[in-house]
Each structure stands twice: as structure tokens, then as C-alpha cells.
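Here the structure is laid out as C-alpha cells; the discussion comes afterwards.
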Amino acid sequence: MMNITVTISRFNPDTDEEPRMESWTVEMEEGARVLHVLDKIHTLDPTLAYRSSCHAGQCGSCAVRVNGEPALACTKEASDGMVIEPLNLPVIKDLMVDLVPGINAIPRFHSSECGTLPTLEDVSKIKPLRDCIECLSCVSVCPAMRVTDFLGPTSMRSQMRIALDPREPGNRIREAITQGLFTCTSCNRCWRVCPKNIETPGKAIEKLREIANREGLTLPRHQEVAELVRTTGRSVESGKHTFLDLVDEVIEPYGEVKREVGFFCGCMFNARLPERAMDMLEVMRHAGIRVIIPKTQVCCGSPLIRTGQTSFIDELKDKNIRAFQERGITTVMTMCAGCGATLKNDYDTPFEVKDVSEILSETGLPPLTKVPITATYHDPCHLKNGQQITREPREILVTAVDKFVEMPAYCCGSGGGVRSGMPDEAAALGELRRAEINKTGADVVVTICPFCEYHIQEHSDRPVKNLMTVLVEALGKKPTEL
Amino acid sequence: MQNQEFIRSHVLVIGSGGAGVRAAIEASGSGTCVLLSRTIVGKGGCTIMAEGGFNAVMNEADNVSDHFADTMKGGAYLNDPELVRVLTEEAPARINDLIAWGAVFDVTDSCTLCQRPFGGQCFPRTCYAGDRTGHEMMITLMERLSQTSVKVYHEISVFDLILSQGRVIGAFGLDRKGKLYVFIADATVIATGGGTRVYDISTNSTSGTGDGYAMAWRAGAELIDMEQVQFHPTGAVYPWDARGRLVTEAVRGEGGVLKNSLGERFMEKYDPDRMELSTRDVVARACATEIQEGRGTPHGGVWLDVSHLPAKQIEERLPVMLEQFLKYGVDIRTEPMEVAPTAHHIMGGLRIDPFCQTTLPGLYACGEAAGGVHGANRLGGNALAETQVFGKRAGSMAGTEPEHEINSNQEQVDSAKMMLEGYLTGDVSPDMVKFDLQRIMWHGAGIFRTKKMLEETRIALDALSRKKLKAVDPSGFISCCTTRNMIDTARLIVTGALLREESRGAHVRTDVIQDWDNQSSPFGHTILTRTGATIERRKA
Ligand SMILES: Cc1cc2nc3c(=O)[nH]c(=O)nc-3n(C[C@H](O)[C@H](O)[C@H](O)COP(=O)(O)OP(=O)(O)OC[C@H]3O[C@@H](n4cnc5c(N)ncnc54)[C@H](O)[C@@H]3O)c2cc1C
Ligand code: SF4
Ligand code: SF4
Ligand code: FES
């Protein structure tokens with residue numbers, strides 16, 4: 001037996017102005033789940049409202065937030081000190097939220113009366129999208145749904161399942177587009193919170209966008225980007241300088257060589273923010289890391305994959321893999337979160353891929369002097385959700401600044417082609433960031449991803465800096481200016 | 001008492017599991033239909049939890065008469081043969097309905113349905129969608145339902161049927177806040193599922209509290225064979241709070257073996273021919289005996305092992321099991337599971353004819369709420385088939401019920417309100433009564449039974465039924481009503497078990513020595529009504 005203290009959000013809209021937090025300590029058996037703790041508390045206070053039915057992760061009734069993260073109460077192990085709140089959906093009472101509108105919104109397969117069986121191949125494609133238990137955890141976290149009429153991740157999952165089924169009589173891609181197919185920012189938050197681990201962005205949304213592409217329905221702005229990549233190998237037009245033009249192929253550290261990495265630069269750092277990549281090189285020189293920069297690398301293809309324009313993606317992949325493989329590179333370092341997530345999740349690489357923050361925390365930081373600022377950190381979605389990296393950047397930042405303050409992690413709105421294709425949505429999400437940044441009271445917002453940096457800067461009253469720039473300052477150097 | 005709400009429809013379906021949704025889809029073709037459920041419609045009940053599969057003759061090498069014979073034999077010949085005939089003949093067509101509606105069952109590379117072997121069947125006849133077959137069925141049914149005009153009421157718990165001149169004219173329901181709903185209909189379908197939550201260790205969902213049995217019995221319907229409770233041999237034993245959670249028979253269907261703490265494959269002693277794929281009653285008793293005689297595992301179970309199977313087979317065919325056990329720290333690809341018997345299914349229930357008509361005019365029943373299909377022991381895979389075959393029949397027959405001039409019975413409304421208000425002045429927490437009830441039933445009416453134990457159990461249940469249940473506010477009414485239904489269901493089980501002085505299928509009376517086998521048994525159904533209880537005697 002063990003004692004577990006929990007804090008539970010209580011709210012009765014008939015009588016309460018706002019939710020209040022209530023603490024309970026109960027004695028539980030080893031291995032108890034969150035739901036068992038709620039059941040125990042219910043015997044002491046039968047007015048506690050929450051849902052459950054199957055107790056086995058199969059009905060999707062019981063999703064709540066445990067320490068801020070959505071989870072099924074019946075499968076999540078209870079832990080001492082946990083905080084249990086309802087999902088971020090309209091609350092009916094206490095932990096019970098209104099699931100019915102969200103469930104009713106999910107597009108449904110149209111029955112045909114033809115009973116032909118799908119083939120084994122169809123079935124194996126459909127199956128990964130079929131496990132959904134309609135718990136709406138994904139819907140409760142989707143940033144696009146907060147600011148647009150997007151029908152949501154599980155609805156897109158359902159649309160893709162329908163598209164894969166030969167029994168569905170109609171073509172529903174136009175329906176999916178009006179339901180918001182192009183509003184998804186590819187933040188991958190929905191995938192990370194899904195108790196069934198359904199990879200909706202990659203397995204449904206991007207695939208639906210591919211279908212849209214085949215039918216000529218890709219947004220014009222996205223088509224322009226694809227054309228640019230096709231003709232130049234790059235998704236961003238070059239400005240005055242590009243990083244690859246400015247630097248040598250091999251950058252040696254100041255002291256002893258502790259490690260060697262290849263650097264995958266990405267279009268944004270190459271053409272729009274080369275200064276940040278130069279800052280990174282300075283940090284590497286101090287950290288004892290030799291950086292090799294193959295000049296034959298091209299766009300990773302992320303802007304194409306996210307927008308469903310994959311017709312020549314294999315050529316890009318081949319070129320990039322060859323660029324590093326030819327030089328015998330075994331570790332490729334990325335600095336752009338989007339490129340990193342793409343190389344890790346969409347490529348099959350013969351080398352390991354690591355984010356710059358992983359490399360630095362493995363190899364160790366050079367001696368730093370704390371910069372006298374209060375900084376907050378914006379988690380790039382493609383780092384947090386795409387690569388599940390949250391610890392390393394924080395650890396680095398804490399050693400580089402006087403004071404660090406947390407800020408809730410939300411998508412800034414720049415990904416998935418939304419900044420170019422859906423500028424109003426991107427701006428609305430950017431404004432939500434502004435509000436959170438202001439709440440922190442920080443002097444500076446630090447991030448790593450160039451897309452986030454560029455976008456948030458337009459929606460922030462405080463300067464936005466790359467983590468590498470902050471490190472350069474903490475080394476007592478001046479950040480690169482071009 | 002807050003205001004009440006009246007809802008009039010042609011057909012009222014209570015319960016949104018496989019049987020209820022199938023019935024509503026069918027009934028929607030013949031007039032207004034209301035479908036309600038204690039949970040969000042589609043999420044409640046046991047259908048969505050069903051893992052292993054759906055029995056239907058889908059292969060030319062198999063045939064319906066074999067499915068019939070397997071079901072009768074497995075049911076210890078207590079089944080109603082006419083119901084079994086309907087089940088086995090119509091199951092293939094009902095699976096085809098699901099396929100036309102979009103169900104994604106596993107298929108072979110030659111484009112036929114995959115079928116796995118299940119206990120007690122002479123042919124691998126169990127169709128499946130991995131080990132989430134019931135979930136696949138439910139989402140398919142809900143997709144089909146969304147294309148009908150059925151009016152859906154979420155999170156309404158029914159607590160009593162309404163009668164007028166001997167006819168069922170609807171039911172009383174409560175919403176979460178304790179508001180009274182009066183549903184009036186020309187035909188009412190009970191599809192409330194099973195009730196093994198009356199046991200301490202059970203596989204059922206939170207709604208498996210036997211409400212349908214209890215309500216129908218109080219309204220005067222006949223119930224049969226309520227003593228026939230299936231204990232599934234393989235329920236999880238760890239963690240303690242999740243004990244009873246089903247470990248699907250598909251684990252054994254795929255080749256899982258049972259071993260005791262000495263490492264012996266003990267089924268050799270109990271059924272050397274069929275081994276692990278013997279019928280559930282036999283395997284459950286074998287496991288219970290091994291544990292009782294001290295050859296159990298650290299957490300009081302036996303070992304169930306699939307680690308000799310290829311990891312890929314486990315990942316593809318048993319993904320839910322793999323995921324669930326991983327959550328509890330056991331990787332079934334490399335380690336055995338610990339399992340013990342758990343109360344799983346109620347074979348008895350409302351007496352129905354092949355058209356799902358109960359003995360009360362205006363009242364229909366289908367799915368686990370009905371009795372007679374499975375006799376004294378249900379074969380794995382036959383319950384999902386039952387939900388579809390009899391769900392369709394119930395819905396279509398209920399739809400043909402002529403329109404009746406119905407005035408709701410005000411007297412009954414008043415007495416329902418009085419009962420509910422009484423809970424506000426009660427003094428015992430329903431959660432505590434449930435807790436006691438579940439233990440009493442597990443120890444006193446479990447796998448092995450004697451007259452003495454059952455009589456003691458009856459006395460204990462009578463004492464529980466005299467307690468005054470307490471609701472702190474009207475939102476607590478549902479819990480009180482459910483507890484009342486659980487007590488009634490438990491008493492029905494015990495009454496049946498006392499009446500049946502033989503061991504038959506899942507019902508074992510260790511105090512009775514009998515010189516007959518299942519086929520020559522002098523007994524037929526136990527029949528329970530509000531006014532009396534008897535056991536049928538067969539003519540020699
Ligand atoms: C874990 C598990 C696995 C199983 N696996 C299999 C299998 O592989 N193959 C097989 O053939 N069988 C299996 N079974 C058995 C089978 O699932 C059930 O017998 C069958 O699904 C019952 O269906 P039903 O529609 O009658 O009831 P359920 O699906 O249980 O639905 C009952 C409905 O009634 C509602 N309800 C109950 N009481 C009330 C009330 N008072 N007011 C309003 N609504 C109410 C519930 O909320 C629910 O919606 C399994 C059972 C369990 C528990
Ligand atoms: S990836 Fe992000 S924006 Fe897109 S559906 Fe998922 S949660 Fe919403
Ligand atoms: S996709 Fe996952 S998170 Fe979303 S509703 Fe389905 S199961 Fe829940
Ligand atoms: S209770 Fe069904 S998923 Fe948790």
C-alpha cells in the first residue's frame with residue numbers, strides 16, 4: 001500500500017465562477033492507475049464527476065490531463081503529487097468535458113451496400129488509422145482548432161481512413177479541404193498525446209494533402225515553394241549571402257578535436273538567417289567540435305512533405321544522403337528543428353541525426369559567463385513533438401543566462417505551410433504567443449528553430465534569439481552580423 | 001424533485017452496445033426510434049471491449065450444422081435450440097452487413113476473412129479485427145447509426161420499466177444531474193448487456209451491473225438460467241486495482257499455453273484432447289483448482305505464455321494485449337502473463353422467442369440481456385454474433401409493433417419520484433454496498449458452489465437489500481438505482497443457483513452427486529419471475 005496525494009480540479013458551472021483545486025490523500029495498492037484513485041475518492045465524495053467505462057483503454061471515456069498532459073485515466077499509472085484536470089474542452093463538471101460535439105463532428109464512412117472485402121493491402125494501410133477510441137485528447141490540444149474552423153486531427157484521420165477504403169463510394173478530398181486540411185501546422189502535438197499513438201499528421205494529414213496535390217488542389221503559395229525547390233534545390237530565395245557560400249567546408253575547433261559532425265544547414269539558415277548558423281560555428285569551435293559542411297546538400301524536402309507535394313522528394317533525399325555519406329560522416333547535426341524532424345522521421349539515413357542541443361549536451365559546453373537577462377524558452381514543435389527534445393535546450397539555456405522562466409508550450413503557427421498558405425491563422429497563433437510571452441515577464445525569448453524565430457519576432461514585444469546567439473554572448477563574444 | 005421530461009417514440013432502445021445499436025439501426029426503418037445509454041452512446045458496455053472475435057460460418061469447408069452442434073455441446077445442451085439455429089444461420093449475413101458498412105476485419109491474402117480457432121469449436125470460425133474486434137464493430141455500427149434518423153440520448157440511465165395494463169410502455173431514466181426522464185414507446189428493447197460487475201473480479205465495463213435483468217424482473221418478465229455465469233479462465237491479476245481485466249481467449253487461440261508454478265502444462269490433467277482450447281468452464285475450473293491447491297503464481301494466478309511465438313505474430317494479432325501488459329511492465333513477447341479466472345458473462349437473461357419477444361407485451365430483449373442462446377456455457381465469439389443476429393431481429397420486430405394509444409401511468413411516475421426522493425434521506429453509501437455485494441458474490445456464488453454457501457449468500461444479500469441507500473444530492477440517484485439493480489441481479493443468480501441442483505456447464509454444485517450427463521439431465525431452464533421461481537423438468 002502507498003499513500004498518494006492528488007490535486008483535482010473541481011468545477012460545477014451551475015454554482016462556481018471558476019474551477020478550484022482540491023487536494024486528497026488516499027491509500028492505494030501498488031500499480032494503481034489514475035482512475036482507481038478517482039474511484040477511491042468517489043467513495044469519500046460521491047459528487048466528484050468523471051467518466052469511465054471499459055477500464056482498459058478501449059472506450060475513450062476517461063481522458064483527463066495528468067500534470068498538464070492528456071492521458072487515459074484508466075491506463076496512466078498514478079503518482080504521488082499528481083495534478084488531475086479536465087481536458088482542455090468545455091467542462092460539464094469537474095473532470096467531465098463535453099465530448100459529444102467533437103465526436104459528432106468526425107466525418108463518417110458512407111455505407112455502400114456492396115459487401116466486397118477490402119484487400120489485405122488496403123486493410124494494412126487502413127489499420128493504423130482505425131485504432132482511434134475517440135477520446136478527443138488530440139482535439140483538446142490542436143492549435144489550429146483554437147484559431148480556425150478546423151475540424152481537427154481525428155477528423156482528418158477519419159478522412160484518410162475513408163480515402164483508403166475502396167468501398168467508400170465518393171471522393172471526399174474537397175470536403176476535407178473545406179474542413180481545414182490546410183490549416184494544420186504539422187506541430188505533431190496530436191500524435192504525441194494520442195493514447196493509441198496514431199500518427200495523424202504524417203499518416204493522415206500529409207497523405208490527404210498528397211491526394212489534394214494529385215487533384216491539383218494544393219494552395220498556390222505552396223505550389224510556388226515546390227517550384228522553387230524543383231528549380232533551385234532550395235525552398236527559400238537567397239538573399240545577399242548564403243551560409244554555404246560564406247563558410248569553408250571544414251571548420252576546425254580552437255583546441256583539441258573532441259568530436260566530428262556533419263552539419264545539415266537547411267534553407268532558412270542558409271538563405272535567410274545565416275548569422276545564426278555562423279554563431280553556431282563559433283560555439284562549436286569553442287566546444288571542440290569539428291564541423292564538416294558538404295556544399296552539395298539541398299533542401300531536406302520538409303516544405304514539400306508537409307504540404308503533400310512529394311513527387312520528386314526521393315531525389316532530394318538521395319542527394320542529401322549522398323552529400324554526407326560520401327564524406328564518411330557518421331553523425332549529422334541539424335539546427336533547424338524542421339530539418340531535424342524530417343531527417344529523423346521521413347528519411348532512412350545511413351548516419352545518425354542529432355539536434356545541435358543534443359550534440360552540445362553530449363559533448364559538454366565550453367566555459368560560459370551568464371548573460372544578465374531573464375530568458376524564456378519557446379519549444380519548437382518539430383523539436384518537442386517531432387524529436388521529443390525538451391530537456392537539452394533548457395539545460396543549456398539555464399547555464400547561459402541569469403534567470404530562466406518557463407512558458408507553456410504551444411505552436412507558434414509558422415509550420416506546415418501555414419505561415420505562407422494561411423497567414424491569418426499563423427498571425428492569430430503568433431498573437432497567442434505574444435500574450436504568453438508577456439505573462440512570463442522575460443526580457444528575451446529564446447528558441448532554436450529559424451521558422452519559429454522569424455515568425456515569433458513579428459508577434460513579440462521582446463527580442464527573439466537563437467540559443468546559439470545567446471551562447472555566443474555567454475562566451476563573451478559579439479553575435480555575428482552580416 | 002426537478003421537472004421531468006417526456007419523450008415519445010415508436011421504438012425505445014435501452015443500451016448502446018452492439019445489440020442496442022444494431023436494433024436501433026433496424027428499427028429506424030419503421031418510425032421514430034430513441035436510443036439511449038448510460039454512457040456516451042457507443043462508448044459504453046462490453047461490445048467495445050470485446051477482443052477476440054465473431055463466430056460465423058464463412059468458409060466452404062465449415063458448415064452451419066457444425067456451428068450449431070458446437071454451440072449446443074459447449075452450452076451443455078441447456079441452450080434453446082431454436083435460438084441457436086437462428087444464431088448460426090444468420091451470423092454470416094450479419095457479418096456481411098458490417099462489412100458493407102465499412103468494418104475492417106482482418107483478411108487473408110486471397111481476399112477472404114481471417115478466422116482463428118476458439119475454444120470448443122471444431123473449425124477455426126472466429127472472424128476478427130486483430131484483438132480489437134468489438135471496437136471495430138462499434139465504430140462501424142456508430143458510423144451506420146449516424147446515417148439514420150435515430151434520436152440519441154447520451155448519459156441517461158434507465159432504472160425501471162413503465163407498465164400500463166400489463167404492457168410495457170417505456171422506461172424511466174435519469175440524467176447525470178438526477179433529472180427524471182419518462183420515455184414512452186410502442187415497443188421497448190432491452191439491450192443493457194450483462195451484469196458480472198456484481199462480482200468482485202469481473203471483466204465487464206462499469207455498466208455491466210445487470211440493470212436490464214433487474215428492471216425486467218421487477219416488471220414481471222420471465223428470466224431463465226440466471227445461475228449460469230461464465231468465469232473466463234484468464235483475467236489479469238496485477239495490478240490489484242485492475243484485477244479481472246480480460247486477457248482474451250485469442251491468446252490461447254494463437255497458441256498460448258497455461259502453466260502452473262511447477263512449470264506443468266496442467267491442462268493435460270483436465271482435458272488432454274483440447275488442452276488450452278477446451279471450453280471456458282473447463283479451463284476456468286482447471287485454473288481455479290491449480291491456484292486453490294497451491295500451485296499458483298506470486299500474485300495468485302497461473303502462467304499464460306506466448307513467448308514461444310514469433311514476436312511479429314504477437315505484435316500483429318495481439319496488439320492490444322501487448323500494449324496493455326507493457327503498460328503494467330510485462331513484455332509478453334518474452335515473459336509469461338499471470339492470469340486467474342474472472343467473472344465474464346451472464347448466459348441467462350430475459351426469456352425470448354426467436355423474434356426477441358419477452359414474456360411481457362411490448363418488451364423485447366437482445367444481446368447479453370437475453371437468455372437461452374448460450375445455455376450453460378458460452379463459446380468465445382458467439383456473443384458478438386448474438387448481438388448482431390438478435391439485435392437486428394429485435395429492432396425489426398419492435399418496429400412492427402402497432403401504434404398504441406398510450407397514456408403514461410401517473411401513479412408509477414409518482415412512485416418513481418417517491419423512491420428517488422427517499423434516497424436523499426438514506427444513510428448508506430451505495431459505493432460501500434456495492435463493495436460488500438461484490439465480495440459476498442465472489443465468495444458465495446463463484447466458480448464452485450454449495451447449497452450452504454448459496455443460502456448464506458442469499459441471507460447476506462437480503463440484508464444488503466434492506467439498507468437505505470443514500471444520495472447526497474440528486475446527482476447520486478443513478479448510483480443508488482444501479483446498486484439496487486445489482487442487488488436484484490445478484491439475488492436472481494443465487495436463486496437460480498439454489499434451484500439448479502446439478503453441475504451443468506458453468507454452474508458447479510460441489511454438494512450434488514449426479515448420475516447424469518448434460519444430455520441426459522432431468523433439468524431444463526430455471527425460470528425466475530417476480531411471483532415465483534422454478535426449474536423445468538425434462539421428460540425422460
Ligand atoms: C472484455 C470482454 C471481451 C469480450 N470478448 C468477446 C469476444 O471476443 N467475442 C465475443 O463473442 N464476445 C466477447 N465478449 C462478450 C461480448 O462482448 C458481450 O456479451 C456483448 O458485447 C454484449 O453486447 P450487448 O450489446 O448485449 O451489451 P453491451 O455491449 O454490454 O452494451 C450494454 C449497453 O447498455 C447500456 N446500459 C446498461 N445499463 C443501462 C441502464 N441502466 N440505462 C441505460 N443504459 C444502460 C450500457 O451503457 C451499454 O451501452 C467480451 C466481453 C468482455 C467484457
Ligand atoms: S499536427 Fe498540430 S495543428 Fe496539425 S492536427 Fe495535429 S495538433 Fe493540430
Ligand atoms: S486520434 Fe488518438 S487522441 Fe485523437 S481521438 Fe483518436 S485515440 Fe484520441
Ligand atoms: S475507461 Fe475506457 S478508455 Fe479509460
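Every chain is numbered from 1, with letters handed out A, B, ... down the list of sequences.
Checked by atom type and distance alone, the side chain of B:Q324 pairs as donor or acceptor with a backbone atom of A:A56 at under 3.5 Å. Checked by atom type and distance alone, the side chain of A:R108 never pairs as donor or acceptor with a backbone atom of B:M142 at under 3.5 Å. Between the B:K327 side chain and the A:E77 main chain, no donor and acceptor come within less than 3.5 Å of each other.
Contacts between B:R176 and chain A at a heavy-atom distance below 4.5 Å involve the side chain alone, from C-beta outward. Proximity to chain A (any heavy atom under 4.5 Å) is restricted, for B:V320, to the side chain, taken from C-beta onward. Residue A:D131 touches chain B through both its backbone and its side chain, counting heavy-atom pairs closer than 4.5 Å. Neither the backbone nor the side chain of A:K76 has a heavy atom closer than 4.5 Å to any heavy atom of chain B. Residue contact with chain A, scored on non-hydrogen atoms closer than 4.5 Å, is absent for B:S110. Of the two parts of A:I103, only the side chain, counted from C-beta on, holds a non-hydrogen atom closer than 4.5 Å to a non-hydrogen atom of chain B. Only the backbone of B:A103 has a heavy atom closer than 4.5 Å to any heavy atom of chain A. Residue contact with chain A, scored on non-hydrogen atoms closer than 4.5 Å, is absent for B:L246. With a 4.5 angstrom heavy-atom cutoff, A:R130 touches chain B via backbone and side-chain atoms both. Both the backbone and the side chain of B:D109 come within contact range of chain A, each with at least one heavy atom under 4.5 Å from a heavy atom of that chain. For a residue to count as touching a neighbouring chain, one of its non-hydrogen atoms must lie under 4.5 Å from one of that chain's; by this rule B:F435 does not touch chain A. Using a 4.5 Å cut-off between heavy atoms, B:T140 touches chain A through backbone and side chain atoms alike. Contacts of B:I48 with chain A are made by both backbone and side-chain atoms, with heavy-atom separations under 4.5 Å. Of the atoms belonging to A:E121, not a single heavy atom falls under 4.5 Å from chain B. Only the side chain of A:K93 comes within contact range of chain B, with heavy atoms under 4.5 Å apart.
Between chain A and the residues B:I139, B:L98, B:V41, the most heavy-atom pairs under 4.5 angstrom are made by B:I139. If you tally non-hydrogen atom pairs under 4.5 Å between each of A:L35, A:T119, A:D165 and chain B, the highest count goes to A:T119. Taking chain B as the reference chain and counting heavy-atom pairs below 4.5 Å, the highest number among A:S61, A:S124, A:A49, A:P107 is found for A:S61. Contact count against chain B (heavy-atom pairs under 4.5 Å) is highest for A:G31 among A:G31, A:G57, A:C74. The residue among B:P239, B:G208, B:G476 with the most heavy atom pairs within less than 4.5 Å of chain A is B:P239. Comparing A:R51, A:E29, A:H36 by heavy-atom pairs within less than 4.5 Å of chain B, the highest count is held by A:H36. Ranking B:A471, B:S475, B:G329, B:A242 against chain A, the residue ahead of the rest is B:A242, based on heavy-atom pairs under 4.5 Å. Contact count versus chain A (heavy atoms, under 4.5 Å) is highest, among B:R38, B:E136, B:M432, B:E51, for B:E136. Between chain A and the options B:E316, B:M138, B:Q147, B:R245, the largest number of non-hydrogen pairs under 4.5 Å is found for B:Q147.
Residues A:T43 and B:D431 approach most closely at CA-OD2, 3.4 Å, considering heavy atoms. In terms of heavy-atom proximity, A:A32 sits nearest to B:D241 at CB-OD2, 3.4 Å. Scanning all heavy atoms of the two residues, the minimum distance from B:S207 to A:S53 falls at OG-OG, 4.2 Å. Closest heavy-atom contact between B:G102 and A:R161: O-NH2, 2.7 Å. Scanning all heavy atoms of the two residues, the minimum distance from A:C132 to B:H135 falls at O-NE2, 2.9 Å. The two residues B:V107 and A:L120 make their nearest non-hydrogen contact at O-CD1, 3.2 Å.
For the atom pair NE2 (A:H55) and OG (B:S202), the distance works out to 9.5 Å, reported to the nearest 0.5 Å. Here CG of B:D106 is found 3.5 Å from NZ of A:K127. Values are rounded to the nearest 0.5 Å. Between the OG atom of A:S111 and the CZ atom of B:R144 there is a distance of 5.0 Å, given to the nearest 0.5 Å. Rounding to the nearest 0.5 Å gives a distance of 8.0 Å between CD1 of B:I40 and CG of A:D98. Interatomic distance, B:L113 CG to A:L117 CG, rounded to the nearest 0.5 Å: 5.0 Å. From A:C135, atom SG reaches atom NZ of B:K43 across 7.0 Å, with rounding to the nearest 0.5 Å.
Taking 4.5 Å as the limit, some side-chain heavy atom of A:Q58 sits within range of a side-chain heavy atom of B:M49. Taking 4.5 Å as the limit, some side-chain heavy atom of B:K177 sits within range of a side-chain heavy atom of A:D14.
A salt bridge links B:E323 with A:K196: at least one charged nitrogen is closer than 4.0 Å to a carboxylate oxygen.
Counted within 6.0 Å of CD on A:E175, heavy atoms from surrounding residues, nucleotides or ligands total more than 12; the atom is thus considered enclosed. The neighbour count for A:D149 CG, taken as heavy atoms of other residues, nucleotides or ligands under 6.0 Å away, does not exceed 12. Other residues, nucleotides and ligands contribute only 12 or fewer heavy atoms inside 6.0 Å of the CZ atom of A:R174.
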